[in-house]
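Below you'll find the structure, written out as structure tokens, and then a few comments.
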Amino acid sequence: MKYVYIYLDDLGLLHKNEWNKYFVYGGYAFLGSEKDNASRKYKALENKIKKSTNYIDGLQIFTLTEKNYKNVLDKVLKDYQKISRCVNIGRNIEGMM
């Protein structure tokens, strides 16, 4: 039996008074052992970048200043299924809250 693993993160604030009108979910879906392979590759690269930049906190792509690091982190997961959903808060918030 194969399992599907889904990892999601959000960007924005899901609240009717939020100034930004969009809320975004994004992440990856993995089948079976893909999850372990992707995790191993990403963590190894993340640790390498942390050491070379003296980064202490959790590494997030949008906080990196060098474009090269952003591209490398994105490319390490290029073979896996990306998923995303954008919610227009103004149109959808009333039915959700």
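Since we're looking at a predicted model, the values are computed, not measured.
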Quiz item: Same cluster for Y25 and V4 if Ile/Leu/Val/Met/Phe/Trp/Tyr side chains link at under 4.5 Å?
Solution: no
Practice problem: Identify the two heavy atoms, one from F30 and one from K35, that lie closest to each other, and give their separation to 0.1 Å. | Solution: CB-N, 3.7 Å
Practice problem: Check whether L31 and I6 end up in the same hydrophobic cluster, where Ile, Leu, Val, Met, Phe, Trp and Tyr are linked by side-chain heavy atoms less than 4.5 Å apart. | Solution: yes
Quiz item: Say you draw a straight line from OG of S33 to NZ of K2; how long is it, rounded to the nearest 0.5 Å?
Solution: 7.0 Å
Quiz item: Would you call the rings of Y5 and Y3 parallel, tilted or perpendicular if under 30° counts as parallel and over 60° as perpendicular?
Solution: tilted
Self-check item: salt bridge (charged side-chain N to carboxylate O under 4.0 Å, His left out): pairs with one or both residues in residues 76-88, sequence neighbours excluded
Solution: D74-K82
Quiz item: At what distance, to the nearest 0.5 angstrom, does OH of Y80 lie from OH of Y28?
Solution: 10.5 Å
Quiz item: Given the rule that I, L, V, M, F, W and Y join up when any side-chain heavy atoms are under 4.5 Å apart, are L77 and L8 in one cluster?
Solution: no
